[in-house]
J.: 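Before we start, here is the structure in question, set down as C-alpha cells.
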There are 2 protein chains.
Amino acid sequence: MKEDAKTKLALNSYTKLMRGAESVTVRVGRKMSDAGLTISQFGVLEALLHKGPMCQRDVASKILKSTGNITLVIDNLEKQGLVRRERSLEDRRFCTVLLTEKGRALIEATFAEVEAAIAAEMGVLTDEEQETLGRICKKLGLREG
Amino acid sequence: MKEDAKTKLALNSYTKLMRGAESVTVRVGRKMSDAGLTISQFGVLEALLHKGPMCQRDVASKILKSTGNITLVIDNLEKQGLVRRERSLEDRRFCTVLLTEKGRALIEATFAEVEAAIAAEMGVLTDEEQETLGRICKKLGLREG
DNA sequence: AAAAAATAGTTTGACATTTAATCACTTCAG
DNA sequence: CTGAAGTGATTAAATGTCAAACTATTTTTT
C-alpha cells in the first residue's frame with residue numbers, strides 16, 4: 001500500500017473512532033446530567049461507590065484528571081452534600097473523601113441508569129463486534145507518551 | 001447469553017473504547033498545543049483551510065460545538081490574528097470567518113504534523129484492524145437522540 | 001405594512017480543565 | 001534538631017464548554 005493511502009486510511013478510521021466515541025459519550029452523558037451530575041462528578045462518585053473512601057490524589061488518578069481539578073469537583077460535590085472530606089489524622093496532608101448517604105443513594109440510582117444506557121448504546125453492535133472493538137481499542141490505549 | 005453477561009460485555013468494550021479514544025486524543029492533541037492551539041482552535045482553522053470561509057454557524061456544526069462556544073473560540077483566534085470576521089452585507093446576521101495569511105501558514109504546518117501523529121497512532125493497528133474499527137465506530141455514531 | 005416567527009451571533013453563569021505557583025505537612029540527611 | 005526535599009491539597013489564571021437569555025436582523029403571516 002502507498003504511503004498516501006495508508007495515511008488516508010489512518011485519518012479515516014481516526015475520524016470514525018472520534019465521532020463514534022463522542023456520540024456515545026453525549027448520549028450516555030445525558031443520563032448523568034439528568035441526575036444533575038457532570039461527567040466528572042459522576043466519575044468521582046462512582047469511584048467512591050465501587051472502591052470505597054480514598055484520598056483526592058487517588059480519586060484524581062482514578063478518573064484521569066489533575067489534582068487541581070479534583071479539588072474543585074469535590075468542592076462542588078461537597079456543596080451539594082453528596083460527599084464529605086475528612087482530614088487524615090495520621091498524615092494531615094491527606095483528605096479522605098467519603099460518600100454521604102445522599103450521595104450513595106444518588107450514585108447507586110444513577111449508575112444503574114448509566115449502565116443501562118451504555119448497554120443500549122453498545123447493543124447496536126453484535127457481541128462479536130463488541131469484543132473486536134474492545135480488543136482493537138485496547139491496542140490503541142496501551143502506548144505511553 | 002445471559003443479560004448480565006451482555007451488560008458486562010457492553011461495559012467492557014465501552015470502557016476500552018473510551019480509554020483508547022482518550023489516549024489517542026491526548027497524544028495527537030499534544031501536536032496542537034505545541035503549536036499554541038487548543039483542540040477547538042485547531043478544529044476551526046482546519047475547517048477554514050479545507051472548506052474555505054464560512055459563517056460561524058457552519059463552523060460550529062463542523063466541529064460539533066455550540067454557537068456560543070464558537071463565538072469565544074473565534075474571538076481568541078481573532079486576537080491572535082489567525083482569523084478575521086466579515087459581517088455579510090446581504091444578510092447582516094451572518095459573519096463570514098476567514099483565515100489570515102498568518103493563520104493559513106500556521107494551520108498548514110500544524111495540520112501536517114497532526115496528520116503524521118494520527119498516522120503514527122493508528123499505525124499500531126493493521127490495515128484490516130483500522131478498517132474494522134472504522135466500520136464498527138460508524139455504527140455507533142449513526143444513531144440519533 | 002405590522003406582528004410574529006425564525007435565525008445568527010453575543011453574552012452570561014456555572015462548571016470543567018490544565019499548568020504553575022503556593023501552602024501545609026512530613027520525611028530525611030546531616 | 002533543623003533545614004531541605006518531597007508530597008497532598010489548594011489557589012489562580014487562561015481557556016473551553018453548554019444552556020439559556022438576549023440582540024439584531026430577516027422572513028413569514030396575517
Side-chain angles (χ1 to χ4, degrees), chain A residues 18 22-23 25-47 53-80 82-98, chain B residues 22 25-47 53-80 82-98:
Chain A
M18 292 305 150
E22 169 71 7
S23 213
T25 299
V26 166
R27 290 193 288 255
V28 170
R30 215 162 284 156
K31 296 293 171 191
M32 302 174 193
S33 57
D34 285 352
L37 296 174
T38 65
I39 292 180
S40 290
Q41 291 174 340
F42 177 87
V44 170
L45 295 181
E46 194 264 334
M54 61 180 86
C55 73
Q56 296 190 186
R57 188 157 221 2
D58 291 345
V59 173
S61 77
K62 194 60 74 186
I63 67 168
L64 307 173
K65 295 290 150 64
S66 67
T67 68
N69 189 4
I70 286 311
T71 295
L72 178 63
V73 173
I74 291 180
D75 280 352
N76 288 327
L77 288 172
E78 205 170 31
K79 274 181 211 151
Q80 295 176 61
L82 300 172
V83 304
R84 190 161 51 80
R85 278 179 171 101
E86 253 176 32
R87 188 62 74 165
S88 166
L89 295 180
E90 308 94 65
D91 186 335
R92 297 176 39 74
R93 289 171 302 182
F94 287 74
C95 276
T96 302
V97 186
L98 309 94
Chain B
E22 169 72 7
T25 299
V26 166
R27 291 193 288 255
V28 170
R30 215 162 282 157
K31 297 293 173 191
M32 303 175 193
S33 57
D34 285 351
L37 296 174
T38 65
I39 292 180
S40 292
Q41 291 174 341
F42 177 87
V44 171
L45 295 181
E46 194 265 334
M54 63 180 85
C55 72
Q56 295 190 187
R57 187 156 223 357
D58 291 344
V59 173
S61 76
K62 196 60 76 184
I63 68 169
L64 307 173
K65 295 290 151 64
S66 68
T67 68
N69 190 1
I70 287 311
T71 295
L72 178 63
V73 173
I74 290 180
D75 280 352
N76 288 327
L77 287 172
E78 205 170 29
K79 273 181 211 150
Q80 295 176 61
L82 300 173
V83 303
R84 189 161 53 79
R85 277 179 171 102
E86 254 176 32
R87 186 62 71 165
S88 167
L89 295 180
E90 308 95 65
D91 186 335
R92 295 174 43 72
R93 287 172 303 182
F94 287 74
C95 276
T96 302
V97 186
L98 309 95

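Just so it is clear: chains get the letters A, B, ... in the order the sequence lines come, proteins before strands, and each one is counted from 1.
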J.: Provide the closest heavy-atom pair for A:Arg87 versus A:Cys95 in the form atom of the first, atom of the second, distance.
T.: CZ-SG, 3.6 Å
J.: Contact between B:Gln41 and B:Met32 at the side-chain level, heavy atoms closer than 4.5 Å - yes or no?
T.: no
J.: Is B:Glu78 salt-bridged to B:Arg85, cutoff N-O under 4.0 Å?
T.: yes
J.: Is there side-chain contact between B:Leu98 and B:Glu86, with at least one heavy-atom pair below 4.5 Å?
T.: yes
J.: Please report, rounded to the nearest Å, how far the C1' atom of C:dA8 is from the CD1 atom of B:Ile74.
T.: 12 Å
J.: Whole-Å distance between C:dA8 P and B:Arg87 CZ?
T.: 12 Å
J.: Please produce a list of atom pairs where a protein N or O lies less than 3.5 Å from an N or O of nucleotides 11-17 of chain D.
T.:
| residue | atom | partner | partner atom | Å |
| --- | --- | --- | --- | --- |
| D:dG16 | OP1 | B:Thr38 | OG1 | 2.8 |
| D:dG16 | OP1 | B:Gln41 | NE2 | 3.0 |
| D:dG16 | OP2 | B:Asn76 | ND2 | 2.5 |
| D:dT17 | OP1 | B:Ser40 | OG | 2.8 |
| D:dT17 | OP1 | B:Lys65 | NZ | 3.1 |
| D:dT17 | OP2 | B:Ser40 | OG | 2.0 |
| D:dT17 | OP2 | B:Asn69 | ND2 | 3.3 |
| D:dT17 | O5' | B:Asn69 | ND2 | 3.0 |

J.: Please report the interatomic distance CZ(A:Arg27) to CD(A:Glu22), rounded to the nearest 0.5 Å.
T.: 10.0 Å
J.: Can you check whether B:Arg57 has a side-chain N or O nearer than 4.0 Å to OP1 or OP2 of C:dT10?
T.: no
J.: Under 3.5 Å, which donor-acceptor pairs link side chains of residues 57-68 of chain B to any protein atom two or more places apart or in another chain?
T.:
| residue | atom | partner | partner atom | Å |
| --- | --- | --- | --- | --- |
| B:Ser61 | OG | B:Asp58 | O | 3.2 |
| B:Ser66 | OG | B:Asn69 | N | 3.3 |

J.: Write out a two-atom table: protein N or O, nucleotide N or O from nucleotides 26-28 of chain D, distance below 3.5 Å.
T.:
| residue | atom | partner | partner atom | Å |
| --- | --- | --- | --- | --- |
| D:dT26 | OP1 | B:Arg92 | N | 3.2 |

J.: Given side chains that start at C-beta, do those of A:Gln56 and A:Thr71 come closer than 4.5 Å, heavy atoms only?
T.: yes
J.: Identify which one of B:Thr38, B:Leu77, B:Leu82 satisfies the side-chain contact (heavy atoms from CB on, under 4.5 Å) criterion when paired with B:Val44.
T.: B:Leu77
